[in-house]
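Okay, so here's the structure we're looking at.
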Amino acid sequence: MKISKTTTAKEKPADPAKYPWGSVFSDHMFIIDYKDGQGWHDPRIVPYGPISISPAAKCFHYGQELFEGMKAYNTADGGVAMFRPIENMKRINNSCVRMCMPQINEEEMVSAIAELVRLDKSWIPTATGTSLYIRPFMIATEAAVAAHPSHEYMFIVIMSPVAAYYPNGLAPVRIYVEHKDVRAVRGGTGEAKCGGNYAASMRAQAEAEKKGYAQVLWLDGVEQKYIEEVGAMNVWFVIDGKAITPALNGSILPGITRKSVAQVLKDWNIHVEERKISIEEVAAAYKAGKLQEVFGTGTAAVISPVGELKYDELVMNINDGKIGSISQRLYDEITGIQSGKVADRHGWVYRV
Ligand SMILES: *Cc1c(COP(=O)(O)O)cnc(C)c1O
């Protein structure tokens, strides 16, 4: 791999909490090109900056694009780690299949990202809860306004030092149950991590924010009855001591945090159910006083407790708007494993 170091290192912001999440980038980025017949070639680390592609590049017109989200952390013993990075690479390859894009070599790309992280190690912030957010993405770059899979692609990795998602601690958020727009449908691209799913979600998100809610709760795209995700996170309900999350059905993104949470709950002998769960079931549990906790899971926030769910006229006040004990325990356990304060009993921590 060719490495061209920057000659004009940027000033590192002292406190990532002082600027909008994900808006400042480190000194370098990784790029590799693809062309049919030639395969992936020319891997390189170059100074972070604009890239030049044709305005006819297919990613602009047909949305042939996918991405990932992962983090590098400073660990308690002075090292640097990533959390289950091979899972992100596997998910890229699953997204590639759905989006007709060329698969990557999972191990080689983890190594390339590790190389990039080592080079920009000084960009990893040090305060508790902070990290270097890593954004790999793939775009179709062939110049042709013709709706066929591109013959050329770029895979790029950029990195942004970020604060804890909730700088004031785990603050429960208000959620609006959306039943006009849907995020994804079975058979569509819901289980691929692609920009198109986000484009489809922005209107409902913007309208919920106008009404004073942080995110929307997505219902399924066919019957608008079963719960799928919360915002851009997987969602969990604690009902009568059992932890329930919607089963992966093709329109739900298979989160790595979701998978890790399921494992940790099982380690703790908390009963886990992955199955269909309807909004009516949640409302009935609430009315019966059995809805104990609701939380979202994803790399950015790790655990995001829900304090209120607004479903038509019903306002469900969850755990008096306070963080539930399971939510708090999960947050402490997973961030503890990531930072090396809790034993890595499942081999999830990848030393950079
Ligand atoms: C990325 C993402 C998630 C969470 O996945 P993690 O691997 O846990 O970060 C959940 N839902 C959507 C729609 C996503 O894009």
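Order of listing sets the numbers, starting from 1, for every ligand and every atom in it. Basis for what follows: all heavy atoms, side chains included, without hydrogens, waters or symmetry-related copies. Each residue takes its place number in the sequence, starting with 1.
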Discussion item. Looking at Lys10 and Phe25, would you say the former's side chain and the latter's main chain have a donor-acceptor pair under 3.5 Å?
Written reply: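 Here the side-chain-to-backbone pair exists.
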Fill in: Backbone N/O of Gly231 and side chain of Trp218: donor-acceptor pair under 3.5 Å
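Confirmed, Trp218 side chain pairs with Gly231 backbone.
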Worksheet item: Apart from Val145 itself, which Ile, Leu, Val, Met, Phe, Trp or Tyr residues share its cluster (side-chain heavy atoms under 4.5 Å, direct or through members)?
Response: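 For the cluster that includes Val145, the remaining residues are Tyr62.
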Worksheet item: Is Arg329 paired with Asp332 through a side-chain N to carboxylate O contact shorter than 4.0 Å?
Response: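 No, Asp332 and Arg329 are not salt-bridged.
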Fill in: Test side-chain hydrogen bond (donor to acceptor under 3.5 Å, both in side chains) applied to Asp312 - qualifying residues, sequence neighbours left out
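Asp312: side-chain hydrogen bond (donor to acceptor under 3.5 Å, both in side chains) contacts with His179.
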Ligand 1: protein N/O within less than 3.5 Å of ligand N/O:
{"from": "ligand 1", "atom 1": "7 (O)", "to": "Arg91", "atom 2": "NH1", "distance (Å)": "2.8"}
{"from": "ligand 1", "atom 1": "7 (O)", "to": "Arg91", "atom 2": "NH2", "distance (Å)": "3.1"}
{"from": "ligand 1", "atom 1": "7 (O)", "to": "Ile256", "atom 2": "N", "distance (Å)": "2.8"}
{"from": "ligand 1", "atom 1": "8 (O)", "to": "Ile256", "atom 2": "N", "distance (Å)": "3.3"}
{"from": "ligand 1", "atom 1": "8 (O)", "to": "Thr257", "atom 2": "N", "distance (Å)": "2.9"}
{"from": "ligand 1", "atom 1": "8 (O)", "to": "Thr257", "atom 2": "OG1", "distance (Å)": "2.6"}
{"from": "ligand 1", "atom 1": "9 (O)", "to": "Thr299", "atom 2": "N", "distance (Å)": "2.9"}
{"from": "ligand 1", "atom 1": "9 (O)", "to": "Thr299", "atom 2": "OG1", "distance (Å)": "2.6"}
{"from": "ligand 1", "atom 1": "11 (N)", "to": "Glu229", "atom 2": "OE1", "distance (Å)": "2.5"}
{"from": "ligand 1", "atom 1": "11 (N)", "to": "Ala232", "atom 2": "O", "distance (Å)": "3.3"}
{"from": "ligand 1", "atom 1": "15 (O)", "to": "Lys193", "atom 2": "NZ", "distance (Å)": "2.8"}
{"from": "ligand 1", "atom 1": "15 (O)", "to": "Tyr198", "atom 2": "OH", "distance (Å)": "2.6"}

Item to complete: If a pair satisfies side chain to side chain donor-acceptor pair (under 3.5 Å) and one of its residues is in residues 151-161, list it, with sequence neighbours excluded.
Response: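 Counting only pairs at least two positions apart or across chains, the side chain to side chain donor-acceptor pair (under 3.5 Å) contacts touching residues 151-161 are Asp36-His151, Gln64-Tyr153.
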